[in-house]
Amino acid sequence: MSTRFNLNGLPTEVQSDPSTPLLDVLRTELRLTGTKQGCDHEGECGACTVLIDNEPVQSCLTLLGAVADRHVLTIEGLKQFEKLDPLQQAFIQTGAVQCGYCTPGMLMAAKALLIREPKPNRQQIIEALDGNLCRCTGYTRIIDAVEFAAGMTPEKTPHEMTAGEDYLRMDSEGKVTGQTPYVEDIVLPDMLHMKVLRSPLHHARLDNIDTSSVSAMPGIRRVISWKDIPGINGFPEYSLEEPVLTPESDTLRMKGAPIALVIADTEDQAQAGCKAIKIKIDPLPFTFDPEEALKPGATLIAGNNNELSSFVITQGDLETSLKASKNVIDATYETAFLEHSALERESAFGFIDEKGRVTVSGATHQPHNQQRYVSEMLGIPLENVRVITPPIGGSFGGKQDPWPMMAVALGVYLLRKPIRLVYSRLESFDASPKRHPYKVHLKLGSRADGKLTGLSASILCNTGGYDSSGRYITNYAVTAIGGAYRWQAVNLLARSIYTNGPKAGQYRGFGTAQSNFALECALDEIIEKLDLDPVEFRIKNCIRPGENTFLGYPLIETLGYKEVLEQIRPYHKLFSEEAKKFNADHDPDKVRRGVGLAGMWYRFGKAGTLKIEAQAALSSEGHYIVYCSAPDYGQGTTTAMNQIAAEALGVSRNWVNVVNADTGQVPDSNIQGASRAVYFVGGAVTKAVQVLKDSIFSVAAEMLDVPGKDLELKSDRVIVTAQPNRFVSTMDIAHEFDLMGKSRRVTGIFDVSPNLGDQRPEYLPIFITGAHLADLTVDMETGMVQVVRVVAAHDVGKAVNPVDSSGQIEGAVLMGLGATLQEEYLPGLTTGFSHYHLPTIGSTPEIKTILVEVPSKYGPMGAKGLGEAAMLPTTPAIINAISRSIHERIRSIPATPEQILSAIQRRRS
Amino acid sequence: MILYMIPSSVKETLEILASYEGKARIIAGGTDLAIDLRKGRKSADVLVDITRIAQLTQVKVEGDFVEVGAAVTFSDIKKHKFLQNEFPMLTLAAASVGATGIQTRATWVGNLVNGMPAADGAIAALALEAEIKVVSLEGETWLPVENFFIRPGESKIDSTSQLATHLRFQIPQKTWGAGWQRIGRRTNLTLPILNCAVKLEFLEDLIQSAIIALGPVGSTPYRAHTAERYLINKPPTDEIIAEAGMFVQKEALPRSNPLRASREYRLEIIPIIVQRALIQARQQAIENHLK
Ligand code: FES
Ligand code: FES
């Protein structure tokens, strides 16, 4: 049976089964991969939006048969006569595109709106996009983009709304046209597909795997179990005791733990193969609660009586300092498992490259580490493995999990064929790492004048069934629990505990957001009790540069916390007055308005090597190439590196090319994480291009016969400063390099160790700070919260790309809002987006971002980090606002309407 | 391969259903069916698409009745000027379904046929005392929506042999008003923790008839009869309305769902939601009266 319809203006006929979702027909039979799939065809994400007769539909829920004789418009048809649609243009210019995975669906939904309503108001825009999720942008810029495309005069001027030429992302055009190839979009004729057999139980012994009936099934190429792994079955450097594939007689410690891989010609065949594997498993008692797991006699999951790691800091005499306090807060705070929910699910693609290397292309924060894990698993030399990062549809830490690439590399090694693995959303929920739930018991004191005294904290970090780097989290938990404040004494302990929940790993802010939530809420409690000003209280207790921190060492970088709080001060005053007035006008039993403030400090840059490497080269055409490893999952590091290089060279951005995160081409710039890219990799890039510039000048000086100091680099030439007409082109210089036998590629090292003096802390004492202010209303009868406004101020050192920095903050605010009010992963229950309530465009408050610039001493152009930390203050700011509105403290998140209502009732009784 | 047929009349549709003897199934917007087919909850050899039957694509306002064809989508309802003016409750309910890209496909009648206890369309239809026209080769009959649901996911329609062609409801002649309330874990793109539609008709200053529909508080979309009876012949004062809410709380049987809300929370907010819906209805009645 064939179905005919008009597709992007052309008559089209397809042969697929008419009950196939239109989305699949577009993506597979028609190879139009611009339309995305994000939610297992459940209608829950909007990434698949296309237009049928100008109406937006979710193509995953629209059967092919239904479009017979209709007009279908997809993202590929939006650009007409080689010209971008005004919406596409606007999305690029306003910075509405980050990872780009939601962008095609978003654009189509917006297009339908503008066809129907060329001048929509804000409410209409929100309604039109209410089914389209975006995890990166916080929607603010998307709304801006639609308004901009509609040619309206919103409150913001076009100048404020759009980025100057200098700030536009380098990769947006491919994203707004649907041309950017994410892993799921790769189509190769001989590509095979991998599916994973996973544990159906939370805790069980795996007695036996029987794959005998699988190999004869149609399309099956190979079944892989633990016995097929030639080298190390695991990646212990990243995760202790986490096997790539669970060995027989070993235990499965969470639902979704991997047992076997099946490779087949199609995904469905591979899935059928997984179903046909017979496993014998023996259920074991399980728990998701770390306190249960620590009880004497509890079933052993892993580690030392279920403890994975612990970390302690003590300074001063806690008891005395608490005794000297006017007030002491003694409270317990709790957080939930969270799922990153990047719109692109986990995926990896592997093949044997032209040099015979086992090559994997996928999301990772650490290409060179990943390369090492693969080589150790396969027992082959490092140089026979290559790791590449393709365009990535968001990570937020989730895609730091090495597992998907390990699985694919194993398949490629054994079959020597191109293989792809794409998680379903269910699989992504079951098996990808989550944010660690914390239980934080805090005690802190303050004198009547608002001077902080002592702090004690006992933190349980729930690392789930596997380590997944959860052993490092205790250090982060403790570091964040004290904040940028001066304490007379501290007694801090964090323990990372195994349970049978999902493995918890990297999640935006790695273990700091949970501590910061507890600290900033407890501070607010004491501030409220003492009736002090939240802004002044924090300023008063803020540590000074050079002062010893509670961690036992001083900071080596500037700390802009005071400046951040000073920027927030006027808003705090204004919002508080407005809330007061609002409350005077409204029945206290019906609605309350409240304002909450919270700060944060975040140690960025991690540990690891103190010397970061990058390279720069002059191409034979006289262009500049930067080689570095700062994987771009959508947050814009490639663009940032390009800008940093162009600025340091003093040339136009178009002359600089960035080769990023490919172990076959770039040096190891160390792990990407902890918001370190700009400061560290950017620092190395700056060094590399400086070395390159010197090298170019030394050659040009000979060619022009003038001293190097009299020369100046202009994108395509080197001129004599005093006589601009005397110059030599960079192309000729490149040629001269070759004649001289001089390498056109040089190395730059960014070395922070000299700045450390004698200290050698395990982690670099470099912190960024920020503060958020939330203004919201609480429906006192239902517990529903509406966050109306958020002001977010962050010390970024120097905003290398202000548009991107603000975009990161807006996205972080929404992610923080989700974590605070709606999101919670319940092991065994949450199966996808229909049960995991991500913020939609309707949840977006008005967000004002303030970029505070207290220059760093050593970072490129004075820049610091930002991305992860921007999420930290949102949660405590919102919770403080709620608690102040209802006059009862909320101490666990998510603060669902249910929880808030019961707090209100608690207060009343 | 599944056959996909697009008939152009009701008669043709019924003949196709008959000739495939239970192996053919009606599809309208298909937003629920697509998921059911995928998950293997429903199956068919033939899908019979009724969205191009001209007669079923209209909203007709004739005499005292509004008649809505089975191919009318929620976005058609949302955009309909008469309904916007006279039945804002219905416009709100239509806007609550899923999200824009679902409302453009999902049909009101389909939403009822699917029989979920908190379907926004079903709750609204229940409050409007709508009827559904069920047509088979044996004949046709109008079924009141109240008797239409059997259990979660099941209505009186067998989509392999019957077709629900229309839904109709009366335009009240007296002073009347309606209200719509919905509460969920987020503002949109989510199933409700609770939804509620009400309709009040007045004679002089007294409530002459009251309908209160809500979900999910039972295995089917629910009518709160005790509270409805309580309201009759009473003035719509704040106290009376609040009392009605309490009656609903006593008779409703919501359940706990760890992914959405507990039974206790649902019970807690039932009176609030009912109360708000009734106040909305009272307000509309006042405005209708002044018109
Ligand atoms: S893929 Fe269609 S809505 Fe998610
Ligand atoms: S840009 Fe929207 S999901 Fe990444």
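So you know, we letter chains A, B, ... as the sequences are listed, proteins then strands, and number each from 1.
- Atom SG of residue Cys60(A) and atom CG of residue Leu23(A) lie 6.5 Å apart, to the nearest 0.5 angstrom.
- Heavy atoms closer than 4.5 Å to chain A are found in the side chain of Arg52(B), but not in its backbone.
- Both the backbone and the side chain of Ile2(B) come within contact range of chain A, with heavy atoms under 4.5 Å apart.
- In this structure, the portion of Pro21(A) lying under 4.5 Å from any heavy atom of chain B is its side chain and not its backbone.
- Listed options Ile6(B), Leu47(B), Asp32(B), Ile35(B) were ranked by heavy-atom pairs under 4.5 angstrom with chain A; first place goes to Ile35(B).
- Chain B forms the most heavy-atom pairs under 4.5 Å with one residue out of Ser19(A), Gly783(A), Ala66(A), and that residue is Ala66(A).
- Contact check for Asn111(B) versus Phe74(B): side-chain heavy atoms found under the 4.5 Å cut-off.
- Contacts with chain A were tallied for Ile193(B), Ile273(B), Ile183(B); Ile183(B) has the most, counting heavy-atom pairs under 4.5 Å.
- When each of Ile269(B), Asn257(B), Ile272(B), Leu191(B) is scored by its heavy-atom pairs under 4.5 Å with chain A, the top score falls to Ile272(B).
- Counting heavy-atom pairs under 4.5 Å between each of His835(A), Met108(A), Met784(A) and chain B puts His835(A) at the top.
- Side chains of Thr107(B) and Ile50(B) form no contact here, defined as non-hydrogen atoms less than 4.5 Å apart.
- Proximity of Pro236(B) to Leu278(B): side-chain heavy atoms (C-beta onward) are nowhere separated by under 4.5 Å.
- The ring of Phe87(B) has its center no closer than 6.0 angstrom to the ring center of His80(B).
- Contacts between Ser16(A) and chain B at a heavy-atom distance below 4.5 Å involve the backbone alone (N, CA, C, O).
- With chain B as partner, the option from Pro894(A), Gly131(A), Pro839(A) having the largest number of non-hydrogen pairs under 4.5 angstrom is Gly131(A).
- Minimum interatomic distance between Ala110(A) and Leu129(A) (heavy atoms only, all atoms of both residues): N-CD2, 3.7 Å.
- Heavy-atom distances place the side chain of Asp779(A), and not its backbone, under 4.5 Å from chain B.
- For Glu268(B), the part lying near chain A is the side chain, with the backbone staying farther off; criterion is any non-hydrogen pair under 4.5 Å.
- Contact annotation for Gln899(A): neither backbone nor side-chain heavy atoms come within less than 4.5 Å of a heavy atom of chain B.
- Contacts of Ile841(A) with chain B are absent, with no heavy-atom separation under 4.5 Å from either backbone or side chain.
- Proximity to chain A is limited to the side chain of Arg38(B), based on heavy atoms less than 4.5 angstrom apart.
- Heavy atoms of Ile27(B) lying under 4.5 Å from chain A belong exclusively to its side chain.
- When heavy atoms are compared at a cutoff of 4.5 Å, Ala68(A) approaches chain B by way of both its backbone and its side chain.
- Residues Met246(B) and Pro271(B) share a closest heavy-atom pair of SD-CB, 3.9 Å.
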If you look only at distance, which donor and acceptor atoms sit under 3.5 Å apart when one is on a side chain in residues 95-105 of chain B and the other is two or more places apart or in another chain?
{"unit_1": "Ser96(B)", "atom_1": "OG", "unit_2": "Leu92(B)", "atom_2": "O", "d": "2.8"}
{"unit_1": "Ser96(B)", "atom_1": "OG", "unit_2": "Trp180(B)", "atom_2": "NE1", "d": "3.2"}
{"unit_1": "Thr100(B)", "atom_1": "OG1", "unit_2": "Glu127(A)", "atom_2": "O", "d": "2.6"}
{"unit_1": "Thr100(B)", "atom_1": "OG1", "unit_2": "Asp130(A)", "atom_2": "OD1", "d": "3.1"}
{"unit_1": "Gln103(B)", "atom_1": "OE1", "unit_2": "Lys78(B)", "atom_2": "NZ", "d": "2.7"}
{"unit_1": "Gln103(B)", "atom_1": "NE2", "unit_2": "Ala95(B)", "atom_2": "O", "d": "3.0"}
{"unit_1": "Gln103(B)", "atom_1": "NE2", "unit_2": "Val97(B)", "atom_2": "O", "d": "2.8"}
{"unit_1": "Thr104(B)", "atom_1": "OG1", "unit_2": "Pro56(A)", "atom_2": "O", "d": "2.6"}
{"unit_1": "Thr104(B)", "atom_1": "OG1", "unit_2": "Gly101(B)", "atom_2": "O", "d": "3.3"}

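- Looking at Met5(B) and Tyr20(B), their side chains come closer than 4.5 Å, going by heavy atoms from C-beta outward.
- Residue Leu63(A) touches chain B through its side chain alone, counting heavy-atom pairs closer than 4.5 Å.
- Two residues are said to be in side-chain contact when any heavy atoms from C-beta on lie closer than 4.5 Å; Glu823(A) and Glu339(A) fail this criterion.
- With a 4.5 Å cut-off on side-chain heavy atoms, Leu51(A) and Ile115(A) count as touching.
- Proximity of Lys23(B) to Leu3(B): side-chain heavy atoms (C-beta onward) are nowhere separated by under 4.5 Å.
- Within residues 901-909 of chain A, the residues that have a heavy atom under 4.5 Å from a heavy atom of chain B are Leu901(A), Gln905(A), listed by number.
- Atom OG in Ser843(A) sits 5.0 Å away from atom CD in Gln822(A) (nearest 0.5 Å).
- Only the side chain of Thr187(B) comes within less than 4.5 Å of a heavy atom of chain A; its backbone N, CA, C and O stay farther away.
- Residues from residues 37-44 of chain A that place a non-hydrogen atom less than 4.5 Å from a non-hydrogen atom of chain B comprise Asp40(A), His41(A), Glu42(A), Gly43(A), Glu44(A), given in numerical order.
- Ranked by heavy-atom pairs shorter than 4.5 Å toward chain B, the options Ile52(A), Thr49(A), Leu838(A) are led by Leu838(A).
- Residue Arg255(B) qualifies as open at atom CZ: its count of foreign heavy atoms under 6.0 Å is 12 or below.
- Contact between Lys42(B) and Arg25(B) at its shortest, heavy atoms only, is CD-NH1, 3.6 Å.
- Closest non-hydrogen pair, Val109(B) versus Gly69(B), comes out as CG2-O, 4.1 Å.
- Considering CD of Glu29(A) and OG1 of Thr20(A), their distance stands at 8.5 Å, rounded to 0.5 Å.
- Of the atoms belonging to Leu33(B), not a single heavy atom falls under 4.5 Å from chain A.
- For Leu259(B), the parts sitting under 4.5 Å from any heavy atom of chain A are the backbone and the side chain alike.
- For Thr830(A), the parts sitting under 4.5 Å from any heavy atom of chain B are the backbone and the side chain alike.
- When all heavy atoms of Pro120(A) and Glu117(A) are compared, the closest pair comes out as CD-O, 3.2 Å.
- A side-chain donor-acceptor contact under 3.5 Å links Gln181(B) and Gln280(B).
- Under the rule for a ring pair (Phe, Tyr, Trp, His ring centres under 6.0 Å), Phe5(A) has no partner lying at least two apart in sequence or in another chain.
- Interface residue Ala128(A): only backbone heavy atoms are found under 4.5 Å from chain B.
- Between Leu343(A) and Arg135(A) the shortest side-chain heavy-atom distance falls below 4.5 Å.
- Here the closest heavy-atom approach between residue Pro502(A) and residue Asp430(A) is recorded as CB-O, 4.3 Å.
- When heavy atoms are compared at a cutoff of 4.5 Å, Ser262(B) approaches chain A by way of both its backbone and its side chain.
- With a 4.5 angstrom heavy-atom cutoff, Leu37(B) touches chain A only via side-chain atoms.
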